[in-house]
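All heavy atoms count here, side chains included; hydrogens, waters and symmetry mates do not.
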Amino acid sequence: MPDYVLALAVHTHPSGASVLSLTGELDYHTAPRLCRTVEKLSLDAATPLVLEVSSLLFCDSIGVTALLFAYRHALAASAPFAVAGAGKDLAQIFEITGIDRLFDLHEDVDRALAAIG
């Protein structure tokens with residue numbers, strides 16, 4: 001049986017934002033963990049959510065759905081939302097699916113937070 005690995009790390013940025021770092025593979029096997037983690041976050045208009053994805057090695061359609069879940073969860077809480085560190089492959093997936101028009105995409109967490117403030 002293959003080893004499906006997704007490491008999730010949540011920390012509070014000095015600005016008060018919730019930063020959720022994803023490392024590994026986001027797919028059918030690991031997406032539910034992301035959704036459960038996002039559901040546990042306390043978000044509001046003063047608490048932005050930034051997904052840091054620079055170490056995300058793989059993302060399939062179920063992974064994209066989980067990222068959209070995170071976006072909708074933040075939206076429901078009126079929390080600003082951004083994605084930081086998307087590499088070329090992930091950015092291409094965002095462009096093909098059209099979610100690059102939904103997500104605020106930034107090079108890193110600090111730039112994301114500066115933009116969504």
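- A single hydrophobic cluster is seen to contain both Phe94 and Leu26, as judged by linkage of ILVMFWY side chains at heavy-atom distances under 4.5 Å, directly or through other members.
- Taken from CZ in Phe58 to CD1 in Ile93, the straight-line distance is 7.5 Å, to the nearest 0.5 Å.
- Here the closest non-hydrogen pair linking His106 and Ala115 is CE1-CB, 3.3 Å.
- The two residues Phe81 and Leu67 come nearest to each other via the heavy atoms CZ-O, 4.3 Å.
- There is no path of hydrophobic side-chain contacts, each under 4.5 Å, that joins Val109 to Leu56.
- Residues Val19 and Leu22 do not share a hydrophobic cluster, defined by chaining ILVMFWY side chains whose heavy atoms lie under 4.5 Å apart.
- With a 4.5 Å cut-off on side-chain heavy atoms, Val50 and Ile116 count as touching.
- When every heavy atom of Leu34 is checked against every heavy atom of Ala66, the shortest pair comes out as CD2-CB, 3.8 Å.
- Nearest heavy-atom pair across Ala84 and Ala112 is CB-CB, 4.4 Å.
- Of all the heavy atoms in His73 and Leu41, the pair that sits closest is NE2-O, 3.9 Å.
- Placement of Leu102 and Leu51 within a single hydrophobic cluster is found when ILVMFWY residues are connected by side-chain heavy-atom separations under 4.5 Å, directly or transitively.
- The two residues Cys59 and Val64 make their nearest non-hydrogen contact at SG-N, 3.6 Å.
- Around CZ of Arg111, the count of heavy atoms belonging to other residues, nucleotides or ligands within 6.0 Å does not exceed 12.
- Side chains of Leu43 and Ser18 form a contact here, defined as non-hydrogen atoms less than 4.5 Å apart.
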### Derivation and outcome, side-chain contact (heavy atoms from CB on, under 4.5 Å), residues Leu6 and His29
CA-CA 9 Å; Leu6 176 67; His29 300 281; over 6 Å; no
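- Transitive grouping of hydrophobic side chains (ILVMFWY, heavy atoms separated by less than 4.5 Å) brings Leu68 and Val38 into a common cluster.
- Judged purely by atom type and a 3.5 angstrom limit, Asp27 uses its side chain to pair as donor or acceptor with the backbone of Thr30.
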